[in-house]
Amino acid sequence: MTIAEVSLQQQQNPMWGDDWATVRSNWTLTESVLHFNHGAYGSVPKAVRQHQMSIIERVDQNATGFFRRELELLLEDARLKAAKFCGADPHGFAWVKNVSEGMTVALAAMPLKVGDEVLITNHIYPAVKFAVENRCRAVGAEIVEVQIPSSENDEELVSIIAAGITNRTRLLVVDEVASISARIFPIREIAKITKAKNITLIIDGAHALGTYEVELDTLGADIWLGNFHKWMCSPHGAGALWAAPQWRSKLNPSSVSYSDRKPYPQRFSRLGTDDQTAVLSVPAAIDFLSQLGLERVYAHNSALANFGADAVAAAIGSTQMPGKYGARRRVALPGGIVNDDDAAYKLQREIAEQLKTELSVSPPMTNEEPGTLGISAYVYNHPEEYERFGQALQKFLAKRK
Ligand SMILES: Cc1ncc(COP(=O)(O)O)c(C=O)c1O
């Protein structure tokens, strides 16, 4: 029997409540695996997938009718509902496939030139860093990366970013909830600085939706990118692009299509023939989580992640990394076992294969910090899963030495 093969369906779960077994049965998760990596790819509940499949069936029944007469209206309806959920003026809110596409689009619109500086932090998502590097290389701009240690201190974080600004800084690209570190950034405080210094602010909000309530119109950003397919449980390929009024006419989609002559945001709605049932299912995902109770979901996931990381840390004689987090926490790994990407990948794979547990493993973010395990929690998780995993991990690490 694997460590995950203990039936959870009959168990009480005081952290969620009496209806937990019913709630978990909303997902088709493989029961023999512990799922602690929701932040990476989300997980689509049955009801949301069924909604998507019902649209796909309509496409199959009459593709011409769907693409010619239905799709535009459906996309617009879904866009308006999603914008409302994000606290966004619908005029500023467009569909993209994911944050990767949205970031590429946003960076392409930046009027950077030789000698300009683009400020980033060491918490940046690696693919977003590639996008910034590519854009800087194309125009002769320079990247300045500031190092933010793991800490709960927001003032220190803001002052490190402020200290990285020079009279050549034109753009700051910063996470709202970082990927590897899972750190929540004090975005509103950061936005006050960029506004005062006339620096453009692009926010990577890939993990924000579904972690807490967002209010895009009041953040103070120039451009914000987000995903519904992580913590909002929509099908994959449902990203959001929000732009302040001065940027809207400057943003161009990743491909030129029939929508090209339309104004923003409709210019982004149909980029050639494609399967857009993921964004069309975003309202169903919003409804699904709203029925569970959004505040309940946010509070539960954060509390369970905290509990889970403490349980795992205690089992291996370690501690959680300091910081301000949503539904993902990091546990310090014993010194030296993960010092680079290859070692992180290897350990992650061993844990997945031998302990039947999906989580993330990352190398140290600064010279002073250890490699870490990234542990997510979602409403389908049970506190006992983390305790069970902690014990298995302790034995596994002892043998692996
Ligand atoms: C912080 C952050 N930014 C951007 C991305 C890219 O998102 P996507 O793969 O949906 O384009 C991710 C994906 O995990 C992420 O964690």
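Any value given below was found using the heavy atoms of this structure, including those in side chains, with hydrogens, waters and symmetry copies removed. Keep in mind that what you see is a predicted model, and the values were worked out from it rather than measured. Order of listing sets the numbers, starting from 1, for every ligand and every atom in it.
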Is the closest heavy atom of H229 to ligand 1 under 4.0 Å? yes
Number the atoms of ligand 1 from 1 as they appear, then name those within less than 4.0 Å of a heavy atom of S100, with their elements. 6 (C), 8 (P), 9 (O), 11 (O)
Hey, is K230 touching ligand 1 through its side chain, its backbone, both or neither, going by heavy atoms under 4.0 Å? side chain
Test ring pair (Phe, Tyr, Trp, His ring centres under 6.0 Å) applied to F288 - qualifying residues, sequence neighbours left out: W27
Counterpart residues, ring pair (Phe, Tyr, Trp, His ring centres under 6.0 Å), relative to H300 (two or more places apart): W16
Report yes or no: do N13 and E384 form a side-chain donor-acceptor pair below 3.5 Å? no
Taking only heavy atoms of H207, which atoms of ligand 1 are found under 4.0 Å from at least one of them? 1 (C), 15 (C), 16 (O)
Under 3.5 Å, N or O to N or O, is E101 touching ligand 1 that way? no
Closest protein heavy atom (residue, atom, distance) for atom 3 (N) of ligand 1: D204 OD2, 2.5 Å
Atom indices of ligand 1, in the order listed, that fall short of 4.0 Å to a heavy atom of N227: 7 (O), 8 (P), 10 (O)
Can you confirm, on distance only, whether ligand 1 has an N/O atom lying under 3.5 Å from any N/O atom belonging to D175? no
Per-residue contact class, V99 against ligand 1 - non-hydrogen pairs under 4.0 Å: both
Can you spot which of L171, I202, I143 makes a side chain to side chain contact (heavy atoms under 4.5 Å, CB included) with V132? I143
Note: R183-E156 ion pair, threshold 4.0 Å (strictly below): no
Pick one: which of V146, I160, I180, I148 meets side chain to side chain contact (heavy atoms under 4.5 Å, CB included) with N122? I148
In the protein, what heavy atom is nearest to atom 15 (C) of ligand 1, and what distance, to one decimal place, separates them? Y125 CD1, 3.4 Å
Test: E31 and R24 ion pair at under 4.0 Å: yes
